[in-house]
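Report on the structure given below.
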Protein chains: 2
Amino acid sequence: MRDDDIANTMRALGHPVRLNILRILATQQRGECCCADVTEELTLAQSTVSQHIKVLLDAGLIERKPRGTRNCYIVQHDRLAALGTAFTGLVVGLGPAAAPQREAEQA
Amino acid sequence: MRDDDIANTMRALGHPVRLNILRILATQQRGECCCADVTEELTLAQSTVSQHIKVLLDAGLIERKPRGTRNCYIVQHDRLAALGTAFTGLVVGLGPAAAPQREAEQA
DNA sequence: TACTTTGATCGGTGAATTACGATGGAAAAT
DNA sequence: ATTTTCCATCGTAATTCACCGATCAAAGTA
């Protein structure tokens with residue numbers, strides 16, 4: 001993962017609403033979670049939510065899964081793990097301390 | 001660390017130039033590293049570099065240390081560690097897998 | 001064949017970001 | 001005291017972001 005990628009993914013996570021969306025997606029994942037579900041938990045317009053979702057999508061942090069008339073989204077844990085790894089590498093490279101370290105992922 | 005903080009810090013890291021600055025700061029840290037040093041490694045204007053530094057500063061990722069006529073900057077490893085922890089917590093909260101995990105820091 | 005639901009996408013607006021050169025002020029050197 | 005060095009900050013232009021309402025296509029339902 002090179003700097004541009006890391007920066008991109010970081011930026012995708014660099015908005016509270018998107019962190020929230022990720023969380024909503026994760027917690028409701030048992031039942032599959034579509035755009036409408038997310039929207040109704042966030043006081044934002046559907047188009048805005050859709051746009052945030054697109055950002056997460058482009059960053060590879062979630063995946064679209066068409067389900068009949070609706071689109072469900074699932075968190076890409078391996079992508080998150082990859083970022084964790086990259087971050088670790090970065091921080092390790094940065095010096096004496098503070099190296100988060102991932103340790104497990106994708107089924 | 002709440003969502004806003006995480007998002008802010010992530011956004012600060014969400015630019016390749018800033019990742020670079022962080023790295024430059026870290027590697028040259030033996031000698032202390034000031035704005036001019038950074039600037040001459042990046043094909044960017046001094047004012048632009050200064051601005052990027054300010055972003056990192058505001059995010060608490062680096063610290064300013066006045067050294068006579070110049071300002072030196074040092075990476076705040078504990079802050080990086082804090083972000084690592086927060087990220088870990090987030091990812092853990094997000095589900096089944098992929099939990100980066102930090103394990104050491106500040107002298 | 002309508003009609004509805006879902007959600008991506010378009011167009012627009014205002015705010016923020018990124019970049020630059022120029023200014024100004026503080027400390028060091030002369 | 002004057003000059004030089006360093007760099008934060010200001011002003012500005014171009015770009016991107018965050019948000020909205022409106023629209024349109026696809027798939028399901030009547």
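Side-chain atoms are counted along with the backbone in the values below, which use heavy atoms only and exclude waters and symmetry mates.
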Strictly below 4.0 Å: does A/Arg18 bring a side-chain N or O up to OP1 or OP2 of D/dA18?
yes

Provide, to the nearest angstrom, the distance between the CG atom belonging to B/Asp58 and the P atom belonging to C/dA16.
14 Å

Taking every non-hydrogen atom, the tightest pair across A/Leu56 and A/Ala12
CD2-O, 4.1 Å

Can you name the closest pair of heavy atoms from B/Arg18 and B/His52 and give their distance?
NH1-ND1, 3.1 Å

Could you measure the distance from the CE atom of B/Met1 to the CG atom of B/Leu90? Nearest 0.5 Å is fine.
11.5 Å

Would you mind reading off the distance between A/Lys65 atom NZ and D/dA27 atom C1', rounded to a whole angstrom?
18 Å

Any side-chain N or O of A/His52 less than 4.0 Å from the OP1 or OP2 oxygen of D/dC17?
no

At a cut-off of 3.5 Å, list every protein nitrogen or oxygen paired with a nitrogen or oxygen from nucleotides 6-10 of chain D, distance to 0.1 Å.
| residue | atom | partner | partner atom | Å |
| --- | --- | --- | --- | --- |
| D/dC7 | OP1 | B/Cys35 | N | 3.4 |
| D/dC7 | OP1 | B/Asn71 | N | 3.1 |
| D/dC7 | OP1 | B/Asn71 | O | 3.3 |
| D/dC7 | OP2 | B/Ala36 | N | 2.8 |
| D/dA8 | OP1 | B/Asn71 | ND2 | 3.0 |
| D/dA8 | OP1 | B/Tyr73 | OH | 2.3 |
| D/dA8 | OP2 | B/Ser50 | OG | 2.3 |
| D/dA8 | N7 | B/Gln46 | NE2 | 3.2 |
| D/dA8 | N6 | B/Gln46 | OE1 | 3.3 |

For the pair made of CG in A/Asp4 and P in C/dT18, what is the distance, rounded to whole Å?
14 Å

Whole-Å gap separating P (C/dG7) and CG (A/Leu25)
12 Å

Does B/His15 place a side-chain N or O at less than 4.0 Å from the phosphate oxygens OP1/OP2 of C/dA16?
no

Which pair of heavy atoms, one from A/Val38 and one from A/Val49, lies closest together, and at what distance?
CG1-CG1, 3.8 Å

Compare every heavy atom of B/Cys33 with every heavy atom of B/Leu25, then report the nearest pair and how far apart it is.
CD1-SG, 3.8 Å

If you find the nucleotide of DNA chain D closest to A/Gly14 and the one closest to A/Arg67, which residue's nucleotide is nearer the 5' end?
A/Gly14

Separation between OH of A/Tyr73 and CD1 of A/Ile53, rounded to the nearest 0.5 Å:
5.0 Å

